[in-house]
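If you're wondering where the values come from, they're calculated on a predicted model, not measured in any experiment. What's counted below: heavy atoms across the whole structure, side chains too, no hydrogens, waters or symmetry copies.
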Amino acid sequence: MTMAKTWNTADLADKDRKYMLHPASNLRQLQESGPLVFTRGEGVYLWDSDGKRYIDAFAGLWNVNVGHGRKELAEVAKEQSAELAFSPTFSGLATPPVIELAAKLGEMFPDPLNHFQFTSGGAESNETAMKIARYYWYLRGKQDKVKIISRMMGYHGIAMGALSATGIPAYWTGFGPRPGGFIFNSAPYKYRNGEGLSDDEFVAKLVQELKDTIAKEGADTIAAFIGEPVQGAGGVVPPPQNYWSEISKVLKENNILLIHDEVITGFGRTGTMFGMQQYGVTPDIVSFAKGITSGYIPLGGVGVSDEIFDTMAEPDQIFMHGFTYSGHPVACAVALRNIQIIEDENLPANAGDVGPYMIDELSKLLERPYVGNVRGKGLMMLVEFVANKETKEKLSPSLNAGARLLAATRKRGVVVRASNDNLVLSPPLILTKEQADEVIGVVGDALDEVLG
């Protein structure tokens, strides 16, 4: 039996303070508190460097879909690394894993999404998707079709192009001017944007906004509309059921491509293999990452329709886009085995069962004066806080609710995502209802402690 490795937490924390630059973190506070250091994972559980166990109710960063400690994924990575650790896909090169993964995705995605390029993650995937949209129109002789319509609250990554499509102003501050050509419409966020409207009336309002934007900008200047099937990092916003079908109609009428960002929603999280299947719409371009390998190794990618691929393949010229690790053979081998696990264990169905159960249980928190809204789709859900239910006034930043909720939940052995406005859950797709009950109990107790 292998003994668990022991760690010196104080030494790790000291080195972290001296050498680490943490993304999306309050660097000043980390200098005081130090990090929470995880050293081991199994299933939905994580253990820190002191041996304390936690439920990972955020699946890493929305991505550990099959859970932690899957030795079969480690074995696949080991075998492929020993056989061929790296070969690029530039200049017509390929390896068996990248070809087999592309073929598998061609079977999984609805027609006509049959052609794939790979990246190292979501931001690269969305950069690729938007560049392909512009390149497609360039090849069609419409060089002015370069603008991208995105939505407020949308998150598409923080590389400069992806950042320009990200509709969360907090990510913009301090990083200088963003590239031009990006236009924002409203999020399908009925709680705050659709007061007093039925779903149909709210969708009609959003569709009219899109029509007005197209009329103002000119359809001949707009390459694509990019959106997550369910907005994730910006606030877990599932749109009304007919939203995407109505938006898609307007885009087709105006010769504008639809890009679906499936970075979070892909590979089972919403209760179907892909978020687009929840709404019965197939985009022209799809981006993906996260759940394709369940975070065991970085990988992302983009799929395009037959028509887009045929247009790209028509001229006798090089497609001048790609990354060093586009189609990394080890990552692709892991992805194939990870997808097999998702299919064999029917994890989308579990997300479609346990997720609604959790949302129903969390909705009981609406009885509390500081909970304004509970929403979600599959195993991605959010509890939104308010200072006043009638006015929907937000909590004062002086409460420091996010940091306090992180501390309160971690103290109770659950890892969540929290801000001053909300608490988000996105657990591994293997979560059971018994484990869900434990998470929900901790969330309720933490909310009582911080806001009660």
Quick one: does [X]'s side chain get under 4.5 Å of [Y]'s, heavy atoms only?
{"X": "Val386", "Y": "Lys394", "result": "no"}
{"X": "Ile222", "Y": "Leu257", "result": "no"}
{"X": "Ile158", "Y": "Thr166", "result": "no"}
{"X": "Val424", "Y": "Val236", "result": "yes"}
{"X": "Leu379", "Y": "Met358", "result": "yes"}

(Q) Set out, in order, the CA-CA distance, both residues' side-chain angles and the distance that settles side-chain contact (heavy atoms from CB on, under 4.5 Å) for His260 and Asp284, then state yes or no. (A) CA-CA 8 Å; His260 264 168; Asp284 303 287; over 6 Å; no
Q: Go through the steps for Asp144 and Thr221 under the test side chain to side chain donor-acceptor pair (under 3.5 Å), then give the verdict.
A: CA-CA 5 Å; Asp144 293 332; Thr221 72; over 6 Å; no
Does the side chain of [X] come under 3.5 Å of the side chain of [Y] through a donor N or O and an acceptor N or O?
{"X": "Gln435", "Y": "Thr432", "value": "yes"}
{"X": "Ser186", "Y": "Asn193", "value": "no"}
{"X": "Tyr357", "Y": "Asp437", "value": "yes"}
{"X": "Arg28", "Y": "Asn26", "value": "no"}
{"X": "Ser245", "Y": "Lys249", "value": "no"}
{"X": "Thr89", "Y": "Ser326", "value": "no"}

In Å and rounded to the nearest 0.5 Å, what is the [atom1] to [atom2] distance from [X] to [Y]?
{"X": "Asp421", "Y": "Glu384", "atom1": "CG", "atom2": "CD", "answer": "6.5 Å"}
{"X": "Ser294", "Y": "Asn338", "atom1": "OG", "atom2": "CG", "answer": "3.5 Å"}
{"X": "Leu113", "Y": "Leu105", "atom1": "CG", "atom2": "CG", "answer": "10.5 Å"}
{"X": "Phe225", "Y": "Ile285", "atom1": "CZ", "atom2": "CD1", "answer": "14.0 Å"}
{"X": "Thr409", "Y": "Leu406", "atom1": "OG1", "atom2": "CG", "answer": "5.5 Å"}
{"X": "Leu61", "Y": "Asp56", "atom1": "CG", "atom2": "CG", "answer": "9.0 Å"}

In terms of relative ring orientation, are [X] and [Y] parallel, tilted or perpendicular, with 30° and 60° separating the classes?
{"X": "Phe184", "Y": "Trp172", "result": "tilted"}
{"X": "Phe86", "Y": "His328", "result": "tilted"}
{"X": "Tyr135", "Y": "Tyr138", "result": "parallel"}
{"X": "Phe323", "Y": "His321", "result": "perpendicular"}

Q: Go through the steps to decide whether Thr311 and Glu314 satisfy the test side chain to side chain donor-acceptor pair (under 3.5 Å), and finish with yes or no.
A: CA-CA 5 Å; Thr311 299; Glu314 176 64 26; over 6 Å; no
**Q.** Cation over ring face, Arg269 and Trp62, 6.0 Å, 45°
**A.**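 Here Arg269 fails the 6.0 Å and 45° test against Trp62.
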Q: Please say whether the positively charged group of Lys190, taken as NZ for Lys or CZ for Arg, lies over the ring of Phe202, i.e. under 6.0 angstrom from the six-membered ring centre and within 45 degrees of the axis.
A: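 Judged by the rule (NZ or CZ under 6.0 Å from the ring centre, within 45° of its axis), Lys190 is not positioned above Phe202.
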Check whether more than 12 heavy atoms from other residues, nucleotides or ligands sit under 6.0 Å from atom [atom1] of [X], and answer yes or no.
{"X": "Gln143", "atom1": "CD", "value": "yes"}
{"X": "Leu93", "atom1": "CG", "value": "yes"}
{"X": "Gln317", "atom1": "CD", "value": "yes"}

**Q.** Step-by-step salt bridge (Lys or Arg N to Asp or Glu O under 4.0 Å) determination, Arg70 to Glu345
**A.** CA-CA 13 Å; Arg70 294 278 191 161; Glu345 299 182 11; 2.8 Å; yes
Q. Is the Phe118-Tyr325 ring centre distance short of 6.0 angstrom?
A.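 No, the ring of Phe118 stays outside the 6.0 Å limit from the ring of Tyr325, centre to centre.
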**Q.** Those residues that, when tested against Asn114, pass side-chain hydrogen bond (donor to acceptor under 3.5 Å, both in side chains) (two or more places apart)
**A.**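 Listed in chain order: Asp111, Asp306.
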Q.
Please evaluate residues Leu423 and Leu382 with respect to the criterion side-chain contact (heavy atoms from CB on, under 4.5 Å), reporting the C-alpha separation (whole Å), side-chain torsions for both, the decisive distance (0.1 Å), and the verdict.
A. CA-CA 6 Å; Leu423 183 146; Leu382 177 146; over 6 Å; no
Q | side-chain contact (heavy atoms from CB on, under 4.5 Å) assessment of Leu366 paired with Val374 | A | CA-CA 7 Å; Leu366 289 166; Val374 174; 4.1 Å; yes
Please tabulate, for side-chain N and O atoms in residues 148-156, each donor-acceptor pair with protein atoms closer than 3.5 Å (sequence neighbours left out).
unit_1 : atom_1 : unit_2 : atom_2 : d
Ser150 : OG     : Ala165 : O      : 2.5
Arg151 : NH1    : Tyr243 : OH     : 3.1
Arg151 : NH2    : Glu228 : O      : 2.9
His156 : ND1    : Asp261 : OD2    : 2.7

Q: Verify side chain to side chain donor-acceptor pair (under 3.5 Å) between Tyr189 and Asn373, making sure each step is shown before the conclusion.
A: CA-CA 11 Å; Tyr189 177 27; Asn373 192 233; over 6 Å; no
**Q.** Stepwise side-chain contact (heavy atoms from CB on, under 4.5 Å) check, Tyr136 with Lys142
**A.** CA-CA 9 Å; Tyr136 167 77; Lys142 298 184 178 183; over 6 Å; no
Q) Could you walk me through whether Lys364 and Glu361 pass the salt bridge (Lys or Arg N to Asp or Glu O under 4.0 Å) check? A) CA-CA 6 Å; Lys364 296 174 183 177; Glu361 291 297 306; 3.1 Å; yes
Q. Where do Phe274 and Phe288 land on the ring-ring contact (aromatic ring centres under 6.0 Å, His included) test, with the steps shown first?
A. CA-CA 10 Å; Phe274 302 107; Phe288 51 86; 7.8 Å; no
Q | For the student: nearest non-hydrogen atoms of Val334 and Tyr296, plus distance | A |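 That would be CG1-CB, 4.1 Å.
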Q: Hey, could you give me each pair passing salt bridge (charged side-chain N to carboxylate O under 4.0 Å, His left out) that has a residue in residues 205-224? Not counting sequence neighbours.
A: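 Passing the test, one end in residues 205-224: Lys147-Glu217.
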(Q) Evaluate Glu124 against Lys131 for salt bridge (Lys or Arg N to Asp or Glu O under 4.0 Å), listing each step before the verdict. (A) CA-CA 10 Å; Glu124 286 186 0; Lys131 286 181 71 176; over 6 Å; no
